Amino acid sequence: MSAPSRDHAWADSSPASRPTRHDWSLEEIEALFALPFNDLLFRAQQVHRAHFDPNAVQVSTLLSIKTGACPEDCKYCPQSGHYNTGLGKEKLLEIEKVVEQAKAAKEAGASRFCMGAAWRSPQEKDLRVVMEMVGRVKALGLETCMTLGMVDVDQAKRLAEAGLDYYNHNLDTSPEYYGEIITTRSYADRLDTLANVREAGMKVCSGGILGMGEAPRDRAALLQQLVRLDPHPESVPINMLVKVPGTPMENVEDMDPLEFIRAIAVARILMPKSHVRLSAGREQMDESTQALAFLAGANSIFYGDTLLTTGNPQVERDRALFDKLGLHPEPIDPNTRDARSDDEQAEIALTHAIQRQRDDSLFYDAARG
């Protein structure tokens, strides 16, 4: 596909004034992917700065609260009971252990604590336990997120009443390629769960996995599905496939890192107010690739040693990278209950205000030059 001509309407309008759209055509999205790399990143950076502190990154920690023996056949997943990946079946974690992990995550700088269980859908006895987990973690002043498989309207409402802020349910890939990856759950099932989460009043965390052998058009079609959600998902994880031995995806050809960065940038442009999360696959990325992802508009990461069952850059490595790039953790949402004192919160707010003022004084707006 040839690169599109320069869009003067885009160049002449302010990113903050452009309306949020849900009607992007597949051809429009593919045209963004086809832009020269520098032009694409410039557009993404303009959008990012219009809606976020460009040097703040929302930090989450993800804990597997129930591992292994999932009945789904997702070809990328080491937790599927269909594949022999050497991962043992574990029971649902005790509530106190989850709370301990949440406390440690907060002390390490996380503002959101995500809990994942390898279920097709939660059973009643388990739902009562995870609802208590939500309340206990919420009381620590952390945002809460869970991924428990499919949930119906009643389950979603009960989780919301327990204090759950976000529910994660990824679309994974395009509707056209989905059947090549999963056969035990339909695309419509996933969209229904997201609709149930919205009806319950929770925020949506939904994205996909790239590098599963999909065509470039499938990446555009995945983003089109996400952008059609109204409102857009508040959190959009963009995952790079982690090839786990024993899964059908273990020998898939590696994705070009620059193509992955393009997807981050396009997601930022399409969903300007969403947190775009640089998620699974960071363990395989060098610092330069991660830096480009932040430049392209990624402003959320998982922080810690593992993502459910796969590796993730260690905390000290992440802190060192943040220092190199001049990044800082995004403050905890003021609407979330926080155990910090008012004085501590004021000091944090002042620190970030000074940082933003310094950044703004150093940034030259080339669009006005």
Side-chain angles (χ1 to χ4, degrees), residues 1 3-4 21-22 24-48 51-52 57-58 76 168 170-178 180-181 187 190 204-229 232-243 249 252-302 307:
M1 178 184 296
R21 291 180 53 189
H22 301 273
W24 288 83
S25 70
L26 193 57
E27 290 71 26
E28 286 178 303
I29 298 173
E30 288 183 304
L32 289 175
F33 272 99
L35 283 168
F37 189 75
N38 287 346
D39 289 352
L40 176 59
L41 261 62
F42 180 66
R43 287 192 180 192
Q45 183 65 198
Q46 282 184 301
V47 172
H48 187 53
H51 298 281
F52 292 97
V57 178
Q58 189 277 322
Y76 55 79
N168 167 259
N170 288 335
L171 295 181
D172 286 349
T173 188
S174 70
E176 295 75 17
Y177 193 62
Y178 184 82
E180 299 295 321
I181 306 300
Y187 214 81
R190 292 181 180 269
V204 167
C205 175
S206 187
I209 306 172
L210 308 184
M212 297 192 293
E214 74 281 352
R217 190 175 182 87
D218 290 308
R219 296 166 200 156
L222 165 65
L223 294 180
Q224 184 186 40
Q225 290 295 316
L226 293 169
V227 84
R228 283 177 174 174
L229 299 176
H232 294 156
E234 284 82 2
S235 185
V236 182
I238 305 295
N239 300 274
M240 175 82 83
L241 174 68
V242 178
K243 296 186 286 186
M249 293 275 151
V252 172
E253 184 178 352
D254 289 343
M255 182 180 182
D256 184 336
L258 293 183
E259 291 304 308
F260 182 81
I261 300 302
R262 283 184 179 275
I264 293 280
V266 174
R268 167 51 64 219
I269 293 169
L270 298 180
M271 293 169 279
K273 298 179 182 179
S274 303
H275 279 85
V276 176
R277 177 176 296 145
L278 180 59
S279 198
R282 280 205 304 131
E283 179 73 14
Q284 288 74 46
M285 297 178 194
D286 59 25
E287 290 186 343
S288 297
T289 300
Q290 293 187 62
L292 278 176
F294 293 126
L295 183 65
N299 64 336
S300 178
I301 62 166
F302 277 123
L307 291 182

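Every value quoted in this text rests on a predicted model; they were computed, and no experiment measured them. All residue numbers in this chain count up from 1 along the given sequence.
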Hey, what do you get for [atom1] ([X]) to [atom2] ([Y]), rounding to the nearest 0.5 Å?
X      : Y      : atom1 : atom2 : result
Gln224 : His22  : CD    : NE2   : 13.5 Å
Trp24  : Leu223 : CH2   : CG    : 11.0 Å
Met212 : Glu180 : CE    : CD    : 11.0 Å
Ser235 : Arg277 : OG    : CZ    : 3.5 Å
Leu295 : Ile264 : CG    : CD1   : 11.5 Å
Leu226 : Leu171 : CG    : CG    : 5.0 Å

Flag the pair [X] / [Y] as yes when at least one side-chain heavy-atom distance between them is below 4.5 Å, and no otherwise.
X      : Y      : value
Leu35  : Arg43  : yes
Leu278 : Val57  : no
Cys205 : Glu234 : no
Pro233 : Met271 : yes
Leu241 : Asn239 : no
Pro175 : Tyr178 : no
Leu258 : Thr289 : no
Ser300 : Val276 : no

Which heavy-atom pair separates [X] from [Y] by the least distance, and what is that distance?
X      : Y      : value
Arg217 : Leu26  : NH2-CD2, 3.0 Å
Gln290 : Arg282 : OE1-NH1, 2.9 Å
Ala44  : Ala296 : CB-O, 3.3 Å

Those residues that, when tested against Phe33, pass ring-ring contact (aromatic ring centres under 6.0 Å, His included) (two or more places apart): none
Listed partners of Phe52 passing ring-ring contact (aromatic ring centres under 6.0 Å, His included), at least two apart: His48, His275
Full working for side chain to side chain contact (heavy atoms under 4.5 Å, CB included) between Ser274 and His232: CA-CA 7 Å; Ser274 303; His232 294 156; 3.7 Å; yes
If only atom types and distance count, is the side chain of Lys273 paired as donor or acceptor with the main-chain N or O of His51 below 3.5 Å? no
Test your reading of the model: is there a side-chain donor-acceptor pair from Asp172 to the backbone of Gly208, 3.5 Å cut-off? no
Is it true that Glu28 and Arg21 make a salt bridge, defined as a side-chain N closer than 4.0 Å to a carboxylate O? yes
Run the side chain to side chain contact (heavy atoms under 4.5 Å, CB included) test on Arg262 and Leu41 for me, step by step, so that the C-alpha distance in whole Å, both residues' side-chain angles and the decisive distance to 0.1 Å come before the verdict. CA-CA 8 Å; Arg262 283 184 179 275; Leu41 261 62; over 6 Å; no
Donor + acceptor pair across side chains of Asp218, Thr173 (<3.5 Å): no
Cut-off 3.5 Å, side chains only: do Arg268 and Asn299 have a donor facing an acceptor? yes
With side chain to side chain contact (heavy atoms under 4.5 Å, CB included) as the test, would you mind laying out the steps for Ile269 and Leu40 before giving the verdict? CA-CA 9 Å; Ile269 293 169; Leu40 176 59; 3.7 Å; yes
